[in-house]
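Starting from 1, each residue takes its place in the sequence as its number. Note: hydrogens, waters and symmetry copies are ignored here, and every other heavy atom, side chains too, is used.
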Amino acid sequence: MAFDLMLRNARLANGGAASATVDIAVAAGRIAAIEPRISGDGESVDARGRFVSPGLVESHFHLDKSRILDRVAPLQDRRATDYMMRTSAVKHTFTVEDVYARARDTLEQCLLNGVTHMRTHVEVDPNVGLRGFDAIERLAQDYAWAMDLQICVFLQEGWTQVPGAEANVVAALKRGVRVVGGAPRYDTDGPGQIRRIFALAKEYDVDVDIHLDGGYTTHDMAIFLVCDLADRIGWGGRVAIGHGNKYSCLPQAELEALGRRLAASGVAVTVLPATDLFTSGRHLEHSVIRGVADANALIAQGANCSIATNNVMNPFTPYGDCSLVRIANLYANVVQRGTERDLSGCFAMLTDRPARILRRKDYGIAVGSPADLVVWNAKTPAEVIATVAQPVMGFKRGRRLFTREMPTLHRP
């Protein structure tokens with residue numbers, strides 16, 4: 001039988017480091033067979049016993065404001081919390097071409113690090129209008145051969161107190177955007193913004209993804225309103241929140257209770273370690289809080305969680321190499337998760353779990369699924385996280401996306 005691709009000697013997640021390898025045959029962009037030894041004609045690529053996963057999923061990203069450190073005012077005070085204001089000050093200078101170029105460079109770096117699915121949040125505040133959205137919409141079309149790119153539109157700088165701002169959100173929804181979000185922390189009426197987001201979600205039949213519960217106080221968490229609204233309109237499985245810094249400040253019993261509430265309402269949490277670490281605890285001069293929620297603890301109570309990069313090279317996160325695996329390793333260090341089970345769970349928060357948030361029903365390594373595959377320089381998912389393993393090669397619908405040459409030690 002003829003196949004477009006045969007990825008041989010692949011080690012899958014359900015087997016472990018000592019498991020037998022399999023071949024993965026691809027035809028017409030989809031996985032046609034997974035067996036120990038497949039005979040047939042077509043391109044043959046040897047994974048050499050390395051771990052093979054589905055393409056990684058970035059469930060919370062900001063392509064439109066990546067790589068802007070060279071144009072924003074420098075940070076004057078190490079404890080300052082003016083990242084939103086410093087970003088806002090330059091958004092009026094964004095052009096469609098500028099956003100497209102920066103986002104393209106960032107997207108390509110994500111691809112080289114094994115990401116094949118992404119949800120990117122795009123700001124449509126009046127000072128940028130729809131320029132960022134126009135750029136990312138075009139980017140999604142131009143890079144559909146490599147990345148399934150889902151757009152979430154939102155207002156970063158306020159909604160209920162900004163006359164006319166909602167018009168940009170509605171315009172994007174009318175153009176086919178499938179996710180609506182927000183940042184109620186920067187609104188004079190945060191609960192009002194959340195209610196309006198859910199009203200639009202129901203009106204346009206779109207998913208919800210809100211920046212929520214940043215900070216360190218726990219008496220004023222907005223997650224319960226989000227769960228209530230998800231219950232009320234039947235949006236379970238269609239709602240996610242990003243950040244959740246406050247959950248890191250909860251006692252264990254309260255954190256577990258929150259996990260059960262999230263599970264019951266079908267609300268997912270995306271933890272954003274790089275940004276959450278950089279922005280948390282700036283009111284403290286010593287014994288600084290970490291501000292990174294323990295997603296493993298929420299998952300143990302039945303909730304769905306993911307780990308994502310969020311920002312790259314902007315005031316909210318002034319660094320980043322677009323390696324989602326590095327972000328997961330950072331998370332595991334911060335929340336002190338180091339067992340094989342913990343680290344395997346971290347890898348699942350880059351793959352299967354965020355795929356559920358994006359509602360990808362055809363995701364994964366199974367016959368009939370799209371052949372989005374990544375070969376890692378490791379033998380297990382836990383080893384990938386523990387060693388920040390490099391992806392050796394990647395495929396999108398069976399077409400090779402990239403190849404990484406592994407370093408060679410030249411002995412005397």
Side-chain angles (χ1 to χ4, degrees), residues 13 56-60 209-228 230-231 236-237 239-281 284 287-310 324-358 380-386:
L56 302 186
V57 182
E58 277 278 13
S59 55
H60 189 120
D209 197 333
I210 304 175
H211 297 71
L212 203 73
D213 285 342
Y216 55 92
T217 58
T218 58
H219 67 280
D220 55 352
M221 297 192 310
I223 188 61
F224 301 109
L225 174 59
V226 168
C227 289
D228 287 344
D231 292 341
V239 179
I241 73 98
H243 293 292
N245 309 62
K246 295 183 178 188
Y247 314 152
S248 69
C249 300
L250 290 172
Q252 187 67 22
E254 293 182 34
L255 182 64
E256 291 175 355
L258 174 61
R260 292 189 291 273
R261 179 65 185 278
L262 292 166
S265 297
V267 175
V269 173
T270 299
V271 180
L272 309 168
T275 303
D276 293 345
L277 277 169
F278 185 72
T279 60
S280 291
L284 299 169
S287 298
V288 178
I289 61 176
R290 294 169 172 144
V292 177
D294 186 348
N296 292 68
L298 296 174
I299 288 171
Q301 301 302 315
N304 187 28
C305 298
S306 65
I307 299 168
T309 297
N310 194 34
L324 188 50
V325 166
R326 181 183 62 80
I327 294 292
N329 176 278
L330 175 66
Y331 161 85
N333 274 271
V334 171
V335 300
Q336 300 172 334
R337 295 284 183 171
T339 67
E340 179 89 10
R341 180 178 179 181
D342 287 341
L343 296 176
S344 295
C346 290
F347 193 84
M349 284 190 268
L350 312 182
T351 50
D352 302 317
R353 290 187 172 280
R356 284 165 51 189
I357 293 175
L358 272 59
T380 67
E383 186 185 352
V384 172
I385 302 301

Any donor and acceptor pair, going by atom type alone, linking the side chain of [X] with main-chain N or O of [Y] inside 3.5 Å?
X: Asp213; Y: Met221; result: no
X: Glu58; Y: Leu324; result: no
X: Ser344; Y: Arg341; result: no

Side chain proximity check, [X] to [Y], heavy atoms < 4.5 angstrom:
X: Val292; Y: Ser248; value: no
X: Ile289; Y: Cys249; value: yes
X: Phe347; Y: Leu56; value: yes
X: His60; Y: Ile357; value: no

From [atom1] ([X]) to [atom2] ([Y]), nearest 0.5 Å:
X: Asp294; Y: Tyr247; atom1: CG; atom2: OH; result: 14.0 Å
X: Asn329; Y: Arg337; atom1: CG; atom2: CZ; result: 15.0 Å
X: Leu277; Y: Leu272; atom1: CG; atom2: CG; result: 11.0 Å
X: Asp276; Y: Arg290; atom1: CG; atom2: CZ; result: 13.5 Å
X: Ile385; Y: Ile327; atom1: CD1; atom2: CD1; result: 11.0 Å
X: Glu340; Y: Glu383; atom1: CD; atom2: CD; result: 9.0 Å

| So with a 6.0 Å cut-off around CZ of Arg260, is the heavy-atom count from everything else above 12? | yes
If you take all heavy atoms of [X] and [Y], which pair is closest and at what distance?
X: Leu255; Y: Ala297; result: CD2-CB, 3.7 Å
X: Ala303; Y: Ala263; result: N-CB, 3.7 Å
X: Glu256; Y: Gln301; result: O-CG, 3.4 Å
X: Cys305; Y: Ala295; result: CB-CB, 3.7 Å
X: Pro381; Y: Ala13; result: CG-CB, 3.8 Å
X: Asp209; Y: Gly242; result: OD1-N, 4.1 Å

| query | When you look at Ile299 and Arg353, which way does the side chain to side chain contact (heavy atoms under 4.5 Å, CB included) test go after all the steps? | reply | CA-CA 10 Å; Ile299 288 171; Arg353 290 187 172 280; 3.2 Å; yes
| Parallel, tilted or perpendicular: rings of His211 and His243 (30°, 60°) | tilted
| query | With Cys227, which residues qualify under side-chain contact (heavy atoms from CB on, under 4.5 Å), at least two apart? | reply | Ile223, Arg261, Leu262, Ser265, Val267
| field | Test item: side-chain donor near acceptor, Tyr331 and Asn296, under 3.5 Å | value | yes
